[in-house]
Q: 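Okay, handing you the structure first.
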Amino acid sequence: MESWPPGGSGPAEAGRRLRGLRGADLAASASLLSGAGAEAGCSAPAVAAVLPAGGSGERMGVPTPKQFCPILERPLISYTLQALERVSWIKDIVVAVTGENMEAMKCIIQRYQHKGISLVESGVTRHRSIFNGLKALAEDQPNCRLSKPEVVIIHDAVRPFVEEDVLLKVVTAAKEHGCSDYDLEFGTECLHLALKYCHIKAKLIEGSPDLWKVTYKRDLYAAESIIKERISQQICVVMDTKEDEEHVGHRLEEMLKNELNHVKVTSGRDLQQIILEQCYNFVCVNVMTSDFEETQKLLNMLEESNLSILYPVVVISVQFLDYESVPFGQKMENLMQIREFAKQVKKRNILLYGLLVYYPQDEQKLQESLRQGATIIAALIKERNSGLIGQLLVA
Ligand SMILES: Nc1ccn([C@@H]2O[C@H](COP(=O)(O)OP(=O)(O)OP(=O)(O)O)[C@@H](O)[C@H]2O)c(=O)n1
Ligand SMILES: O=P(O)(O)OC[C@@H](O)[C@@H](O)[C@@H](O)CO
């Protein structure tokens, strides 16, 4: 644990100025700025969050500080901000970053449309960074858009998977509980500081298994896998033949339902609604219309929405081909257009792939190629490999 310097500008002084810092700490910790909400007689405390993000990530062993390392091309800290922004009762989020990374952080906020974020300069240790964030919330500065909170959640910027329920438990505990010897013995250094400098007793709250901190390089891979899994839970099948239930497109949809029984497969009858509900995977079957007509309609809709700002959206354009009756070479020439479409939509974070499904007369062979098609679709969605965009895969 670092030792605070004596004197006016150190954390001990800050503790006094904050008039009582009560802490609960595990992965997230909450401190209480006494006054604000309680005095106003509010039943729910006014809550803000401070994210220390001023570290250099030495243990990660890469030049970029880990909070800015990309996961699916988006910086890690943006996932953490997204997790906190979803919690409607957190009114302000203060992020502490180094002066050197201030501009980069502003760009991240703008690019990923994060709202209600304030930036402060971090300190040379994690605790100093937290302290700077608390100061911004506690001080009455002119033109300051931050409102004084009653409870402050302290959350490492490198813990992207924090859920609302644990945050609520921590905030509630920050108000309700005292602390035990056990907490002090097995707690982290934040608990100790709260007691030593502010004479505040803290309570240790059990976190969820997903609350781990990205520390080593392997943690980035683990985080990426978790994110990919989360956004692969729903697939929307869009097709240009809605009436004919016997149609081969519907058979592919049924095959997907059978093969991927943990995934929700929906039909794209109300695309606007499905986009609003944040489905990140689309299988687009072009049968009756010309080669990419249905796919292009879908791509236009996706481009107009903001869906792909936070996660890459996968679109698989499916064509059924009876190789025996259609001249393959001629067909291929048209289908190669997919490369250009894919390049264009990649700029909007949409990953477009092509899938040719063999459509023979023989029922058994058809069944087999549908099964193969479903397997390829599942793999493309699971992997989200941007190196394969614009490719025509064959089932
Ligand atoms: N001077 C510092 C040091 C750390 N942190 C932040 O505290 C959190 C948890 O710390 P840790 O995992 O130790 O991060 P680093 O110090 O960056 O990692 P390392 O110890 O490997 O260098 C991170 O979000 C980190 O950015 C901070 O705000 N200011
Ligand atoms: O043990 P590490 O150095 O990886 O991390 C220490 C702290 O940053 C972290 O556990 C806080 O959440 C505890 O207050």
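Indexing begins at 1, ligand by ligand and atom by atom, following the structure's order. Bear in mind the structure is a predicted one, so any value in this text is a computation, not a measurement.
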Q: Check ligand 1 against Ala157 and write out every atom of the ligand that is under 4.0 Å from a heavy-atom position of the residue.
A: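 So the answer, numbered in order with elements, is 24 (O).
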Q: Below 4.0 angstrom, N of the basic side chain to O of the carboxylate: do Glu368 and Lys365 qualify?
A: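 A salt bridge is absent here (no side-chain N lies under 4.0 Å from a carboxylate O).
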Q: So is Lys66 close enough to ligand 1, meaning a heavy atom under 4.0 angstrom away?
A: yes
Q: What part of Arg128 sits under 4.0 Å from ligand 1 if we count only heavy atoms: the side chain, the backbone, both or neither?
A: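 The answer is neither; Arg128 stays 4.0 Å or more away.
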Q: Show the atoms of ligand 1 that are less than 4.0 angstrom away from any heavy atom in Gln67.
A: 26 (O)
Q: Tell me whether the count of non-hydrogen atoms from other residues, nucleotides or ligands lying under 6.0 Å of CZ in Arg230 goes above 12.
A: yes
Q: Does the distance from a Lys or Arg side-chain N to an Asp or Glu carboxylate O, for Glu224 and Arg384, drop under 4.0 Å?
A: no
Q: Does Tyr221 belong to the same Ile/Leu/Val/Met/Phe/Trp/Tyr cluster as Ile77, with side-chain heavy atoms less than 4.5 Å apart forming each link?
A: no
Q: Pull out every atom of ligand 1 sitting under 4.0 Å from any heavy atom of Ala53, numbered as shown with elements.
A: 26 (O), 28 (O)
Q: Pick, from Gly54, Ser129, Pro52, the option with the minimum heavy-atom distance to atom 23 (C) of ligand 1.
A: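 Result: the heavy atom closest to atom 23 (C) of ligand 1 is in Pro52.
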Q: Under 6.0 Å from the OH atom of Tyr311, do we count more than 12 heavy atoms belonging to anything else shown?
A: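 Yes, because the 6.0 Å sphere around OH of Tyr311 holds more than 12 heavy atoms from other groups.
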Q: Within the structure, does Met60 bring an N/O atom to less than 3.5 angstrom of an N/O atom in ligand 1?
A: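 So ligand 1 has no N or O lying under 3.5 Å from an N or O of Met60.
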Q: Could you list which atoms of ligand 1 come closer than 4.0 Å to a heavy atom of Lys213?
A: 9 (C), 11 (P), 12 (O)
Q: Using a strict 4.0 Å cut-off to heavy atoms of Val158, name the atoms of ligand 1 that fall inside it.
A: 23 (C), 24 (O)
Q: Test salt bridge (charged side-chain N to carboxylate O under 4.0 Å, His left out) on Arg251 and Glu363; report intermediate values, then the result.
A: CA-CA 12 Å; Arg251 291 189 58 184; Glu363 174 55 30; 2.6 Å; yes
Q: I need the Phe292 CZ to Ile338 CD1 distance, nearest 0.5 Å.
A: 4.5 Å
Q: Give the atom numbers and elements of ligand 1 that come within less than 4.0 Å of a heavy atom of Ser56.
A: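 Within the 4.0 Å cut-off of Ser56, ligand 1 contributes 17 (O).
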Q: Where does Val124 meet ligand 1, judged by heavy-atom distances below 4.0 Å: at the side chain, the backbone, both, or neither?
A: backbone
Q: Return yes when Ser122 approaches ligand 1 closer than 4.0 angstrom through a heavy atom, no otherwise.
A: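 It does not; every heavy atom stays at 4.0 Å or beyond.
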Q: Quick one: do the Ser118 and Asp92 side chains pair a donor with an acceptor below 3.5 Å?
A: no
Q: Verify the distance criterion only: is there a donor paired with an acceptor across the side chains of Glu277 and Gln273 at less than 3.5 Å?
A: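 Checked: Glu277/Gln273 side chains pair up, N/O donor to acceptor below 3.5 Å.
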Q: Out of curiosity, is Thr215 lining ligand 1, as in a heavy atom under 4.0 Å away?
A: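 It does not; every heavy atom stays at 4.0 Å or beyond.
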